[in-house]
Structures are given as structure tokens and as C-alpha cells.
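Sequential numbering from 1 along the given sequence is applied to the chain's residues.
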Amino acid sequence: MKKLASLLALLCLTTAASAQSQPDSLKNRAFGSYIFVPVESPIIENKGFENAVAAAGLPEAKHPTATLGLGFQFYVNRGISTISFAIGTRKKDESAYLMEMEYRSFSFNFGYDLTKGHRYALYPYLGFKGNGLNYLYREKLEETMDLEDYLETDLQYREIHNSRAHLDLGFGFAKQSFYLVNVRVGYMVPLEKSRWTINDDLHLNTAPGTRYRFYFSLNIGFGAIFTEDDVRRRNSH
């Protein structure tokens, strides 16, 4: 898998370098920008942590299958820059407890359109992606309780965090007009060790590793894209 990641990174870097070193064959340059909602579905290897939570008698720790967020895309002469974040929570709200498993991500990347038209884009991209999980378990109180009983109650509360930075490698296909439909698949290469923490200062030793592997996303938004000819025609009226 490391060889595959190295090959993808080399492909993205070679494509970007070629784009910078060679003049754009398009005589009619295009410029566009969009705001979009990303629907992201992560593929995460987290079985070790799920088993540890189950062994402790706590509710399951499965991450959400899909998340929503907000993002921006800029298209300039075949270059495609994207910045976005997404967040989602799998929740189990029972009478005796509340369990939440949250997934979040933040990414920015740059790609190069391999097509010669601006209405459709097929592009490899390279960038940064930060991912995180947050597990929360909290026992609930009864609806009514005396102060003395509350002070003597030993409520269970657990909140554990995981975050990891990645090199983001992927491919995308986009339809661009006054609206944007952009399908992307990415592979994440870790840039740091996987750690579960209670806070920024306290790391949990011997905690099972968590591997953020792939993700699929569908970006749906609106905006505009213009060519130099479009601008000249508008200015001529």
C-alpha cells in the first residue's frame, strides 16, 4: 500500500509540474468559483477501539457512514483548488445514557484538469486532510432528584478523542456550470502516529490504532464559470 501511495503522489506531482512547465493549450482560458456542500463517506479501520469499548460494557463506537459540511472550489486555467470541512455524528439516545460517535475532517488540495473543456473536469489532486473521531458516553440522571442524592451519585462519563493528519491523494470528476456536481475518491497517507487522548496533554497508552484509509465524497454546489470569450462578449454589449 505504501508503494501505491508513493506512485499516486508521484503521479500528482508530475502532473502539476507538467502543468506549470508547459503553456496551456487552451486559447480560451476559464475562471470559476463555487460554494458547495460535501457529502463525505469515510472508510476507517477502527475495529480495535470498537472491541475495547465493547469489552468495557459501553455502547458501540461505530463512526457515521456519511457526513455533511461546507466547501469552496476555485477553477483557474485548469487548476482546481478546494477547501472544505465535514462533520457527522452517530448518536444513541436512551433513557439511561447518551452515546455519540463524531467524525470530522478538514482538507485543502490542488488538482489539474486533464480535459480541454471547462464544463467537465477530470483531475488528479494532492493536498492535506486532517481527520478526527470523538467518542462520548454519558449516563443520564432521573428526571427528578434531590440534591443530596445527586451529590452522592457516581455517574459514568467517558470522552475520548482521536485526530490524525494525512497526505490526501485522489481523483475527481466534475460537471461545472451555474451548478457544481463533483465526485471524488481519495486515499489518505498518514503523516503522524494514531493516538487516542482524553485531552491535549494526556495520551492513552496501548490504545488500539485507528487507520483512516479511503473516502468518497459528492460535492454539490452553485457558482459560476466563465471563459475569456464569455467576458469579451458581455463587455461588447
Query raised in the report: Step by step, would you call Leu133 with Ile44 a side chain to side chain contact (heavy atoms under 4.5 Å, CB included)?
Result: CA-CA 10 Å; Leu133 291 171; Ile44 306 173; 4.3 Å; yes
**Report entry** Derivation of the side chain to side chain contact (heavy atoms under 4.5 Å, CB included) call for Glu159 and His161
**Finding:** CA-CA 7 Å; Glu159 186 167 12; His161 319 277; 3.7 Å; yes
Report task. Would you sort out whether Tyr157 and Leu136 count as a side chain to side chain contact (heavy atoms under 4.5 Å, CB included), showing the intermediate values? Result -> CA-CA 8 Å; Tyr157 180 89; Leu136 169 67; 3.6 Å; yes
Indicate, with yes or no, if [Y] and [X] share a hydrophobic cluster defined by side-chain heavy-atom contacts under 4.5 Å among Ile, Leu, Val, Met, Phe, Trp and Tyr.
{"X": "Ile225", "Y": "Leu180", "value": "yes"}
{"X": "Leu68", "Y": "Phe216", "value": "no"}
{"X": "Tyr123", "Y": "Val181", "value": "no"}
{"X": "Tyr179", "Y": "Leu218", "value": "yes"}
{"X": "Phe36", "Y": "Val183", "value": "no"}

Within the distance-only criterion (no hydrogens, no angle test), does the side chain of [X] pair as donor or acceptor with the backbone N or O of [Y] below 3.5 angstrom?
{"X": "Lys91", "Y": "Leu98", "result": "no"}
{"X": "Arg78", "Y": "Tyr112", "result": "no"}
{"X": "Glu50", "Y": "Lys62", "result": "no"}
{"X": "Glu192", "Y": "Ala165", "result": "yes"}
{"X": "Asp168", "Y": "Met188", "result": "no"}

Around atom [atom1] of [X], are there more than 12 heavy atoms from other residues, nucleotides or ligands closer than 6.0 Å?
{"X": "Lys175", "atom1": "NZ", "value": "yes"}
{"X": "Phe173", "atom1": "CZ", "value": "yes"}
{"X": "Phe128", "atom1": "CZ", "value": "yes"}

When rounded to the nearest 0.5 angstrom, what is the spacing between [atom1] in [X] and [atom2] in [Y]?
{"X": "Glu60", "Y": "Met101", "atom1": "CD", "atom2": "CE", "value": "10.0 Å"}
{"X": "Phe222", "Y": "Ser177", "atom1": "CZ", "atom2": "OG", "value": "14.0 Å"}
{"X": "Leu167", "Y": "Leu191", "atom1": "CG", "atom2": "CG", "value": "6.0 Å"}
{"X": "Asn46", "Y": "Asn51", "atom1": "CG", "atom2": "CG", "value": "9.5 Å"}
{"X": "Arg158", "Y": "Glu139", "atom1": "CZ", "atom2": "CD", "value": "9.0 Å"}
{"X": "Arg211", "Y": "Ser194", "atom1": "CZ", "atom2": "OG", "value": "10.0 Å"}

Contact check, side chains of [X] and [Y], non-hydrogen atoms, under 4.5 Å:
{"X": "Met99", "Y": "Leu58", "value": "no"}
{"X": "Val37", "Y": "Ile220", "value": "no"}
{"X": "Leu126", "Y": "Leu169", "value": "yes"}
{"X": "Arg164", "Y": "Thr210", "value": "no"}
{"X": "Thr89", "Y": "Tyr103", "value": "no"}
{"X": "Arg104", "Y": "Asn134", "value": "yes"}
{"X": "Tyr135", "Y": "Asn162", "value": "no"}
{"X": "Tyr34", "Y": "Asn219", "value": "no"}

Taking all atoms of both residues into account, what is the closest heavy-atom pair of [X] and [Y], and its distance?
{"X": "Ala52", "Y": "Pro208", "answer": "CB-CG, 4.5 Å"}
{"X": "Ser41", "Y": "Thr65", "answer": "OG-O, 2.9 Å"}
{"X": "Thr67", "Y": "Ala86", "answer": "OG1-CB, 3.4 Å"}
{"X": "Thr115", "Y": "Ala121", "answer": "OG1-CA, 4.0 Å"}
{"X": "Phe110", "Y": "Ser81", "answer": "CD1-OG, 3.5 Å"}

Report task. Could you check whether the rings of Tyr97 and Tyr137 sit parallel, tilted or perpendicular, using 30° and 60° as the cut-offs? Result ->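 Tyr97 vs Tyr137 ring planes: tilted.
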Query raised in the report: Going by the angle between their ring planes, with limits at 30° and 60°, are Phe74 and Phe72 parallel, tilted or perpendicular?
Result: parallel
Query raised in the report: Does the ring centre of Phe214 sit less than 6.0 Å away from the ring centre of Tyr187?
Result: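 Between Phe214 and Tyr187, which both carry aromatic rings, the centre distance is below 6.0 Å.
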Query raised in the report: Phe85 and Phe106: aromatic ring centres closer than 6.0 Å?
Result: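 Not under 6.0 Å, so no.
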Query - Row check, Tyr215 ring normal vs Lys129 NZ/CZ: under 6.0 Å, within 45° - result: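 Verdict for Tyr215: a cation-pi partner in Lys129.
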Query raised in the report: In a check of side chain to side chain donor-acceptor pair (under 3.5 Å) between Glu40 and each of Ser105, Ser84, Ser107, Ser217, which one passes?
Result: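 That would be Ser105.
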Query raised in the report: Any luck finding a side-chain donor-acceptor pair between Gln73 and Tyr75 under 3.5 Å?
Result: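 Distance-only check fails for Gln73 and Tyr75.
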Query raised in the report: Please walk me through it: do Arg184 and Thr82 pass side chain to side chain contact (heavy atoms under 4.5 Å, CB included)?
Result: CA-CA 12 Å; Arg184 295 155 64 98; Thr82 302; 3.8 Å; yes
